[in-house]
**Student:** 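I am attaching a structure below and will ask some questions about it afterwards.
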Amino acid sequence: MNFREKFAIQKNITYELVRKSIKTQYRNSVLGMLWTVLNPLLNMLVMWLVFSRFFGDGDELYPIYLLTGNILFACLRSATEGSLGSIVNNRDLITRIRVESHMFPLSSTIASLVTFGFSMIALLLIMAGMQIFGGYQIFKVEILLVLLMIPAFVLFELGIGLFLSALYVYARDVKYLYSVFLTLWTYATPVFYKVERLSGSTFGNLIKFNPMFHFLNFFRSATYLGFDGMFWKQMLIMYGCALASMLIGTVVFKLLKKNFVMNI
């Protein structure tokens, strides 16, 4: 089998796995894929009602601030949680058909990217509504720069997914530990609060070591805040985080891969 045939087979398998993941996610749902648009909007509404008084700082664009945070972190959560058990949950395909094991975390990552695309519709609707009915000049050509963020974010998620899926084969406790870690990570990321409020504090300095802070900062800059001359710095940090994640994830995955069949 030559490279082209092997690539075509892997592409078809990935497509089927992604399709299966998305269909499973919305199985028996009346609204189906519409939830990918409604869910971030409803979460944003709840968080706006709860946090706007304490963290809004009088910012009339705070709903967009919340929505951008929700969309990006939900994408990370979906990709990594989906990847975590992807190898164990597909043990039959690995042991019988000999499907390459890395295809499963990859398909979970791509499925989350599809959801991210639909969630962007919710963001664009809110931005359009605030511009049309609120008179805010929100839309800028810089929003197209989100396309430059996506490859870095996908690599970042995939690296984590490879790492988690490999560990989960040997230790099922990883699922519970990662759930706790995700909660901590959510609060350590400025999803609903603003970093300016923490200026000068120890936590405010430590938060800059959080990769999600930089991805979210770029996402908000591209969608509505603007870059203020920080574009290339943010790009370098994002892609640095992405490559570091992929390097660690790939190395751990390859080291543990040889005994997958014996442990799943």
**Student:** Indicate every side-chain donor-acceptor pair of residues 157-168 with a distance under 3.5 Å to a residue at least two apart or in another chain.
**Tutor:**
{"from": "Glu157", "atom 1": "OE2", "to": "Leu76", "atom 2": "N", "distance (Å)": "3.3"}
{"from": "Ser165", "atom 1": "OG", "to": "Gly161", "atom 2": "O", "distance (Å)": "2.9"}
{"from": "Ser165", "atom 1": "OG", "to": "Leu162", "atom 2": "O", "distance (Å)": "3.1"}

**Student:** Do Pro63 and Leu67 touch side chain to side chain, with heavy atoms closer than 4.5 Å?
**Tutor:** no

**Student:** Residues sharing Leu247's hydrophobic cluster, by side-chain heavy-atom contacts under 4.5 Å among ILVMFWY, directly or via others?
**Tutor:** Val251, Leu255

**Student:** Just so I know, are the side chains of Thr68 and Leu72 near enough to count as touching, which here means a heavy-atom distance under 4.5 Å?
**Tutor:** no

**Student:** Find out if a path of hydrophobic residues (ILVMFWY) with successive side-chain heavy-atom gaps under 4.5 Å connects Tyr170 to Leu177.
**Tutor:** no

**Student:** Where is the tightest heavy-atom contact between Ala188 and Ile207, given as atom of each residue plus distance?
**Tutor:** O-CG1, 3.1 Å

**Student:** What class does the angle between the rings of Phe192 and Tyr187 fall in, given that below 30° is parallel, 30 to 60° is tilted and above 60° is perpendicular?
**Tutor:** perpendicular

**Student:** Please tell me if the side chains of Pro190 and Tyr65 come closer than 4.5 Å, counting only heavy atoms from C-beta onward.
**Tutor:** yes

**Student:** Does Phe215 have any ring pair (Phe, Tyr, Trp, His ring centres under 6.0 Å) partners at least two apart in sequence or in another chain, and if so, which?
**Tutor:** Phe153, Phe156

**Student:** Could you please spell out the steps behind the side-chain contact (heavy atoms from CB on, under 4.5 Å) verdict for Phe118 and Ile71?
**Tutor:** CA-CA 10 Å; Phe118 281 102; Ile71 288 174; over 6 Å; no

**Student:** Tyr224 ring centre to Lys140 NZ or CZ under 6.0 Å, with the angle to the axis within 45°?
**Tutor:** no

**Student:** Do Leu225 and Leu148 share a hydrophobic cluster, counting only Ile, Leu, Val, Met, Phe, Trp and Tyr and linking them when any side-chain heavy atoms are less than 4.5 Å apart?
**Tutor:** yes

**Student:** Stepwise, does the side-chain contact (heavy atoms from CB on, under 4.5 Å) test hold for Val154 with Ile110?
**Tutor:** CA-CA 8 Å; Val154 168; Ile110 295 174; 5.9 Å; no

**Student:** How far apart are the closest heavy atoms of Ala222 and Val146, and which atoms are they?
**Tutor:** CB-CG2, 3.8 Å

**Student:** Is any side-chain heavy atom of Leu61 less than 4.5 Å from a side-chain heavy atom of Ile138?
**Tutor:** yes

**Student:** Check whether any side-chain N or O of Ser179 sits under 3.5 Å from a backbone N or O of Tyr176 as a donor-acceptor pair, and report yes or no.
**Tutor:** no

**Student:** To the nearest 0.5 angstrom, please state how far the CG atom of Leu256 sits from the OG atom of Ser101.
**Tutor:** 10.5 Å

**Student:** Is it possible for you to say whether Leu206 and Leu216 belong to one hydrophobic cluster, with membership spreading through side-chain heavy-atom contacts below 4.5 Å?
**Tutor:** no

**Student:** To the nearest 0.5 Å, tell me how far Phe219 CZ sits from Ile150 CD1.
**Tutor:** 8.5 Å

**Student:** List the atom pairs, donor and acceptor, that lie under 3.5 Å between side-chain atoms in residues 226-238 and the rest of the protein, sequence neighbours left out.
**Tutor:**
{"from": "Gln234", "atom 1": "OE1", "to": "Phe218", "atom 2": "N", "distance (Å)": "3.4"}

**Student:** Can you name the residues that form a salt bridge (Lys or Arg N to Asp or Glu O under 4.0 Å) with Arg77, not counting sequence neighbours?
**Tutor:** Glu81

**Student:** Consider only side-chain heavy atoms of I, L, V, M, F, W and Y, link residues closer than 4.5 Å, and tell whether Tyr178 and Val180 are in one cluster.
**Tutor:** no

**Student:** For residues Thr223 and Leu123, determine if any side-chain heavy atom of one lies less than 4.5 Å from a side-chain heavy atom of the other.
**Tutor:** yes

**Student:** Do Ser245 side-chain atoms and Ala242 backbone N/O form a donor-acceptor pair below 3.5 Å?
**Tutor:** no

**Student:** Taking the side chain as every heavy atom from C-beta outward, state whether Arg172 and Val88 have any pair of such atoms under 4.5 Å apart.
**Tutor:** yes

**Student:** Is it true that Leu243 and Ile248 fall in one hydrophobic cluster, defined by side-chain heavy atoms closer than 4.5 Å?
**Tutor:** no

**Student:** Just verifying a value: how many Å separate His102 NE2 and Phe260 CZ, rounded to the nearest 0.5 Å?
**Tutor:** 11.5 Å

**Student:** Quick check for you: to the nearest 0.5 Å, what is the distance between Asn90 atom CG and Ser107 atom OG?
**Tutor:** 7.0 Å

**Student:** Return each pair, listed once, that meets side chain to side chain donor-acceptor pair (under 3.5 Å) where at least one residue sits in residues 204-217; pairs must be two or more places apart or across chains.
**Tutor:** Trp185-Asn210, Thr189-Asn210

